[in-house]
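I have placed the structure first, in the form of structure tokens, so that the comments after it can refer back to it.
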Amino acid sequence: MKRYEALAADIEASIRNGTLKTGDRLPSVRHTGQSRGVSASTVFQAYYLLEARGLVRARDRSGYYVTGGGLRDAPPESTLTSRPADGPMSLDVSDRVFDILEASMSRKVVPFGSAFPSPLLFPLARLGQFMAASAKSLDPWSTVDDLTPGSAALRRQIALRYLADGMQVPVEEIVITNGALEALNLCLAAVTRPGDAVIVESPTFYAALQALERMGLKAIEVPTHPGEGIDLGALERAIAAHQPKACWLMTTFQNPLGSLMPDAKKKALVELLARHELPLIEDDVYAELYFSDRKPAPAKAFDTQGLVLHCSSFSKCLAPGYRIGWTSAGRFARKVARQKLMSTLSTSAPAQLALAAYLEKGGLDKHLRKLRQTLAMQQATFAQAVGHYFPEGTRATRPLGGYFLWVELPARVNALDIHRKALALGISVAPGPIFSATRAFTHCLRLNYGHAWNAQSEKAMRTLGRLVSEAAGGTA
């Protein structure tokens, strides 16, 4: 346990045993630091962690105060590794996924099933100013010079972000795309042919399954732990038995589990794949949404062979709707650029220039700090509400970043039935079967905590808990 975690644990114990009561002011950062012999930074991290858990709240120029919200217990954590069927599987998922998602795409629906955080969390007005300026000053020749790889200015800013994270990524290796999903699809097309098999996690992001289906590829689902990601032993056995051509994995805040693969495990993953000369398509769109004091390293950071095709975007952390993503594709960068040239050709020039200017002058890191703090607090509130309203036997992940909770309901509950009943009452959820090639996880839900908690959210969670309790054979 780190120092700030130990301090937070002590304060939490004092809150739960009644020594500190709702409304009490915590000691000042300076006083706590002196009494515990730790730095102010350590105290702030502890207070931020308690705030994320819903136990304390900051008041402007007044300090931190105990709240009552954290006294509702979150449900027990999910700890079981999945057990998918062995071997390559043909896919037939797109219609099912589309039907479920289409039914949830309405502003009138409480968006627990949404794949996106609230657009109100992002500096869209500030970005709009950069967009207007970039459109006015657009060099006509830039629309030709930067046609397929993307804006040189934006690629340079992305390379600088990699450098700040300790990675040397040449600008020439970066290809700008129409969102991360295009980057992922281009990478998949660059390293596979129809009929090939691709390893995915279990459960996995439904868009990965849809992409494999569209390209005539087969999926090999590999056991995955809700805390630490894919099982490396099972992965190596699957490689030996089925000779896949690529892996599509989320190593950081995986969708839907929220799992975070530790750095040592990411390094071991990259080394394992290098031994087999197997490309890794790394979907890393949530990396900036971490709640700890350090950004997790991607698997790309441990790649010495150019086998990791790292994909990300600004959609989840800065600019939803701008549809600007990228890939740093290692030894496959030229193949990916050719795929881009043969498909969508280019990405919006004004949007690229606006983001390049914002990254240089707009205060991205300040925005990200506020965003992460907001999401951490909302996670605590949502988790506590699940623990309060859902029946005994419910478990949920507690991710260290992102904006999804994976909720395991009592075994007899059918998530698709819950989805249909909830939607009829104006509440969307993402049922577990859409995250599996075999329609597994029938008693699981993915819930989005990326939207503000309010009276409507509270009422919706209470209703959802009632539906689950009735399905489980109990009462709410």
Side-chain angles (χ1 to χ4, degrees), residues 82 84-85 87-105 111 113-116 177-222 224 230 244-251 253-258 279-286 309 311-313 315-316 320-321 323 325 327 336 339-340 342-344 402 404 406 415-416 419 423 428-442 444-446 448:
S82 62
M89 291 171 283
S90 298
L91 294 159
D92 182 18
V93 300
S94 289
D95 287 344
R96 170 167 41 102
V97 170
F98 184 78
D99 288 346
I100 289 172
L101 297 182
E102 185 181 40
S104 304
M105 292 179 183
S114 171
F116 308 102
T177 60
N178 295 296
L181 196 54
E182 184 186 40
L184 292 157
N185 278 270
L186 293 175
C187 290
L188 190 62
V191 298
T192 64
R193 294 181 179 180
D196 287 344
V198 176
I199 284 176
V200 297
E201 294 138 318
S202 175
T204 192
F205 180 36
Y206 49 76
L209 299 175
Q210 291 176 298
L212 298 183
E213 179 182 345
R214 186 176 62 256
M215 295 186 188
L217 302 167
K218 297 179 179 179
I220 303 171
E221 294 186 328
V222 174
T224 303
I230 198 165
K245 297 301 182 184
C247 298
W248 178 327
L249 307 178
M250 285 188 182
T251 64
F253 312 134
Q254 191 253 15
N255 179 0
L257 292 175
L280 169 61
I281 300 170
E282 185 178 20
D283 185 348
D284 199 26
V285 295
Y286 306 109
L309 300 86
C311 302
S312 192
S313 84
S315 297
K316 306 300 191 297
R323 302 304 304 153
T327 178
V336 170
Q339 291 290 332
K340 171 79 174 175
M342 292 186 295
S343 54
T344 57
F404 294 125
W406 181 249
L416 289 171
H419 156 72
L423 195 61
S428 73
V429 297
I434 68 173
F435 302 96
S436 167
T438 59
R439 306 189 184 192
F441 308 104
T442 56
C444 298
L445 300 174
R446 188 197 70 186
N448 180 330

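Computed from a predicted model, the values in this text were never measured in an experiment.
Side chain of Asn255 to backbone of Phe205: no donor-acceptor contact under 3.5 angstrom is found. Formation of a donor-acceptor pair under 3.5 Å by the Thr224 side chain with backbone atoms of Ser202 is found in this model. No donor-acceptor pair under 3.5 Å is formed between the side chain of Ser82 and the backbone N or O of Pro84.
Remark: Thr251 pairs with Glu282 by the side chain to side chain donor-acceptor pair (under 3.5 Å) rule, at least two apart or across chains. Not counting sequence neighbours, the partners of Cys247 by the side chain to side chain contact (heavy atoms under 4.5 Å, CB included) test are Ile199, Leu235, Leu249, Leu273, Leu278, Leu280. Partners of Ser313 under the side chain to side chain contact (heavy atoms under 4.5 Å, CB included) rule, at least two apart in sequence or in another chain, are Ala180, Val285, Ser315. Lys340 is linked by a salt bridge (Lys or Arg N to Asp or Glu O under 4.0 Å) to Glu182, counting only residues two or more places apart in sequence or in another chain.
Contacts classified as side-chain hydrogen bond (donor to acceptor under 3.5 Å, both in side chains) and involving residues 188-199 (residues at least two apart or in different chains) are not found.
Annotation: the span from Leu309 atom CG to Asp284 atom CG amounts to 13.0 Å, rounded to 0.5 Å. In this structure, Thr177 OG1 and Arg323 CZ are separated by 8.5 Å, a value rounded to the nearest 0.5 Å.
For the pair Leu186 and Thr327, the minimum side-chain heavy-atom distance is 4.5 Å or more. Counting only heavy atoms from C-beta outward, the side chains of Phe441 and Pro256 never approach each other to under 4.5 Å. Counting heavy atoms from C-beta on, the side chains of Asn448 and Pro111 never come closer than 4.5 Å. With contacts defined as side-chain heavy-atom distances shorter than 4.5 Å, the pair Asn185/Met215 qualifies. Counting only heavy atoms from C-beta outward, the side chains of Leu416 and Thr442 never approach each other to under 4.5 Å. Here the side chains of Met250 and Leu257 are not in contact, with every heavy-atom distance at 4.5 Å or above. Within the 4.5 Å cutoff, side-chain heavy atoms of Leu212 are placed close to those of Val200. Contact of the Trp248 side chain with the Cys187 side chain is not registered, since no non-hydrogen atoms from C-beta on lie closer than 4.5 Å.
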Scan the side chains in residues 87-101 for donor-acceptor partners under 3.5 Å anywhere in the protein, sequence neighbours excluded, and list what turns up.
residue	atom	partner	partner atom	Å
Ser94	OG	Glu213	OE1	3.1
Arg96	NH1	Pro433	O	2.7

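Of the options Val191, Ile220, Leu209, Leu188, a side-chain contact (heavy atoms from CB on, under 4.5 Å) to Val198 is made by Leu188 and by none of the others.
Using cut-offs of 30° and 60° on the angle between ring planes, the pair Phe435 and Tyr206 is tilted.
In plain terms, the two heavy atoms of Pro431 and Val429 that are nearest each other are CD-O, 3.4 Å. The heavy-atom pair separating Lys316 from Ala115 by the smallest distance is CE-O, 3.9 Å.
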